[in-house]
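Chain naming here is simple, since letters A, B, ... match the order of the sequence lines and numbering starts at 1 in each.
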Amino acid sequence: MRLDGKGLPVIAVSTLTAAGLAGRGLAQRVLEGGHPRPSELAAPAPSRPEDIRQKKLMSRAAWFSALVMRGALEEARWNEARAEIGAFFGVGASGAEMDEVARLIVASMEDGQFSLARCGREGLDACNPLFAFQIMNNFTLCHGAILEGLAGPNAAFFSRGTGTVTALEEACAAITSGACERALVGGADTALHPITMAELEREGFLRQGLTPAEGAAALAITSTAEAPLGYVEAVRVFPVERPRGTLVPRTGVLRDAAVPAALDALEDQPCDVVVLAPWGTPAREALLDLPQVLEAEISVDTSLTLGESLAATPALAWALTLDLLAHLNKPRALVLSAGPDGDLGVVVLAKGGA
Amino acid sequence: MKRRVFVRGRGAITPLGETWPASRDALAEGRSAVGPVRHFDVEGYPSQVAATVPFPLDEAEDRRLALARRAADEAWAEAQVSAAPSRIGVFVGAESGRATYGTIFALSRAAGGGARFDHARFGEDARALATAVHAAAVSPAAVASALAARIGAEGPVETISLACASGAAAIVSATQAIRLGLCDVALAGGVGADVDPFMLVGFGLLGALSARGVSCPFDVRRDGFVVGEGAAFVVLAAERGEARAEVAGAARTLDAFHLTAPDQAGDGAERAMRGALDDAGRVEVGYVQAHGTSTQLNDAVEAAAIRRTLGDALPNVHVGAVKGAVGHWVAGAGAIGFLCALEAVEEGICLPTAGLTEPDPACALPHVVGAAKRKPVEAALVNAFAFGGANTSLVVSRCA
């Protein structure tokens with residue numbers, strides 16, 4: 001999807017990374033090598049009474065999402081008519097709190113064996129009543145929407161990368177079609193949940209260089225703005241062919257797909273900055289030549305610095321890119337994400353300002 | 001001018017039939033598939049019934065994949081569309097699958113086996129268990145990816161996870177994609193395979209399930225929903241071909257109210273319905289396929305919202321809710337509802353609400369009770385409202 005005119009204005013950004021909750025400064029830390037290594041985040045504790053009540057029912061990623069939604073709304077100063085604001089997010093598997101799972105298991109043991117019957121009788125009482133809803137994917141979106149009163153068009157896309165780019169595409173479509181005038185779009189996830197880690201291990205991603213991490217980012221996008229941070233000029237998901245039964249394409253196939261995808265999104269426009277988000281070494285190698293082909297002056301690898309946060313990674317890459325354009329005073333950037341789902345997500349962002 | 005979106009094919013596997021025609025005929029008779037759960041021990045569970053698909057499936061696959069493939073194959077075969085692979089998209093409403101209890105048990109043991117999960121101990125030993133966690137069993141995106149590979153789709157492939165509104169939201173996303181020219185053909189729908197211990201535990205803890213073991217939307221006796229399973233898909237296209245119906249309107253809202261309860265004012269639901277009707281332009285609604293979960297609050301709130309939205313037009317409308325017959329498919333619910341609405345428009349068959357015998361005055365609507373009613377229907381409205389407050393409404397109308 002290519003947006004008309006200058007594109008859609010982005011007027012606020014909020015990120016949660018190993019450096020904490022912030023709206024700006026990501027670019028400088030990344031360029032100077034001052035960003036903390038990927039790790040489990042010390043997310044801010046809830047501060048409002050309603051946060052404290054609802055936090056008990058959240059997965060970790062849902063809390064991340066709620067934090068960046070709030071941050072973006074505050075920076076955008078969107079305090080009025082929040083019921084009309086749309087919300088589009090890439091979400092992961094959410095993930096139940098493993099302590100809840102452990103309590104359920106322990107309460108369901110009988111003669112050293114797991115008993116479904118005992119689970120029904122006693123396991124239930126050992127759990128938080130909303131335990132199952134920590135694993136409902138859409139709650140990563142809904143918790144934040146409830147806390148902030150966002151009631152407009154919405155969707156939660158399961159994402160291992162390009163699902164988050166789809167969220168941006170749908171947010172742009174909602175605004176251009178008139179379904180809403182303002183929207184929050186982003187992603188939140190953790191690759192550090194035990195079951196997710198086990199999944200990544202099984203599929204071989206960890207052995208191939210994926211650095212598991214967690215985080216979130218949200219952008220506030222609107223139909224018009226006088227002096228935005230930047231503009232979304234184009235957004236598109238490019239499916240990449242892969243062998244049957246495998247999750248990701250071969251390195252050569254990904255390499256061959258990346259250049260046409262980038263050129264298609266740019267439509268002959270020059271590109272000064274390329275921001276990549278490869279899930280690990282094979283994807284990184286496949287994208288290595290792209291900045292040179294595009295004759296970009298600057299190239300940054302988001303995943304190398306921030307780690308791989310699955311559904312959050314593309315959104316973090318967009319936030320980083322907008323910050324880079326402002327910090328370096330460059331007019332346009334291409335962001336290309338290649339997550340563990342195997343497809344390419346391409347976004348063209350332009351510098352904002354007066 | 002936005003492109004029109006035509007319905008070229010439909011397919012479903014339900015607890016009442018292996019295909020959509022077989023399922024529709026059973027639904028038209030007012031039959032219910034709710035019965036005792038037999039494939040695992042449910043002693044002690046708050047609810048011991050479900051609406052389970054009884055037909056043989058490929059056991060080598062994750063159950064969601066097996067169900068989705070059957071329904072998608074049927075829809076795709078009927079559609080007989082021709083398009084370049086890059087112009088074909090797949091849009092699926094799906095939730096995460098559940099790792100088996102055996103897997104969860106093994107992971108828990110690896111982390112110490114106590115009542116507290118020891119993350120520090122969850123290291124190399126636990127990683128060795130990775131072979132027990134199959135990606136397809138956990139990732140909801142596995143369904144869309146598998147279907148895309150099966151039909152050779154190389155356009156947009158999306159997985160929408162909005163709980164009970166997922167399947168309907170997938171059809172909305174597909175409609176939007178065709179309207180915007182992102183693809184010309186879309187396979188869209190939803191699948192639910194939630195008759196498993198994990199979900200019975202979760203819904204049971206909430207008190208959301210029927211203790212009486214009956215799904216009877218809008219009935220005065222209703223006391224919760226019954227978990228069901230199945231898959232439903234449609235093929236949408238920009239080119240009309242032999243299509244007799246089109247997606248005329250679509251809208252999505254959020255309640256922003258509560259995780260598990262609808263906004264009691266029904267504002268979000270009403271906005272979704274009005275949004276879909278506004279998007280459709282001037283249409284005369286003759287049938288509503290309600291979300292109708294058989295829970296006290298949802299049904300009363302939805303009924304009131306339908307009354308407000310349709311107003312003076314309500315006497316000319318018939319209302320049905322498919323969950324009475326096939327239970328709640330969660331991520332697949334909105335998709336099977338869409339097929340019911342489509343049937344009203346294409347065939348003039350207004351499918352009933354199975355289980356409804358004594359309508360609650362708080363849910364006063366022109367219900368279809370017993371067997372299906374037949375009448376010409378120009379347009380039908382279908383609702384899907386989710387835990388977490390996501391609301392989706394669609395209007396399907398006869399092609400002009």
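Between A:V237 and B:E158, every side-chain heavy-atom pair lies at or beyond the 4.5 Å cut-off.
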**OP:** Check step by step if side-chain contact (heavy atoms from CB on, under 4.5 Å) holds for B:V157 and A:D341.
**Re:** CA-CA 11 Å; B:V157 177; A:D341 60 5; over 6 Å; no

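With a 4.5 Å cut-off on non-hydrogen atoms, B:A169 does not touch chain A at all. Both the backbone and the side chain of B:S173 come within contact range of chain A, each with at least one heavy atom under 4.5 Å from a heavy atom of that chain. With a 4.5 Å cut-off on non-hydrogen atoms, B:V42 does not touch chain A at all. Proximity to chain B (any heavy atom under 4.5 Å) is shown, for A:A167, by neither the backbone nor the side chain. Contact annotation for A:A179: neither backbone nor side-chain heavy atoms come within less than 4.5 Å of a heavy atom of chain B. Proximity to chain B (any heavy atom under 4.5 Å) is restricted, for A:F88, to the side chain, taken from C-beta onward.
Between B:Q176 and A:A174 the shortest heavy-atom distance is NE2-N, 4.5 Å. When all heavy atoms of B:L180 and A:A173 are compared, the closest pair comes out as CD1-CB, 3.3 Å. Shortest non-hydrogen contact noted between A:A145 and B:L254 is CB-CD1, 3.7 Å.
Counted within 6.0 Å of CD on A:E181, heavy atoms from surrounding residues, nucleotides or ligands total 12 or fewer; the atom is thus considered open.
Atom CZ of A:F238 is separated from atom CD of B:E154 by 13.0 Å, given to the nearest 0.5 angstrom. Rounding to the nearest 0.5 angstrom, the gap separating the CZ atom in A:F157 from the OG atom in B:S166 is 10.5 Å. Of the inter-residue distances, the one linking A:E169 atom CD with B:L182 atom CG reads 5.0 Å to the nearest 0.5 angstrom.
Chain B forms the most heavy-atom pairs under 4.5 Å with one residue out of A:T162, A:L200, A:T166, and that residue is A:T166.
For the pair B:R271 and A:E84, the salt-bridge criterion is not met [side-chain N within less than 4.0 Å of a carboxylate O].
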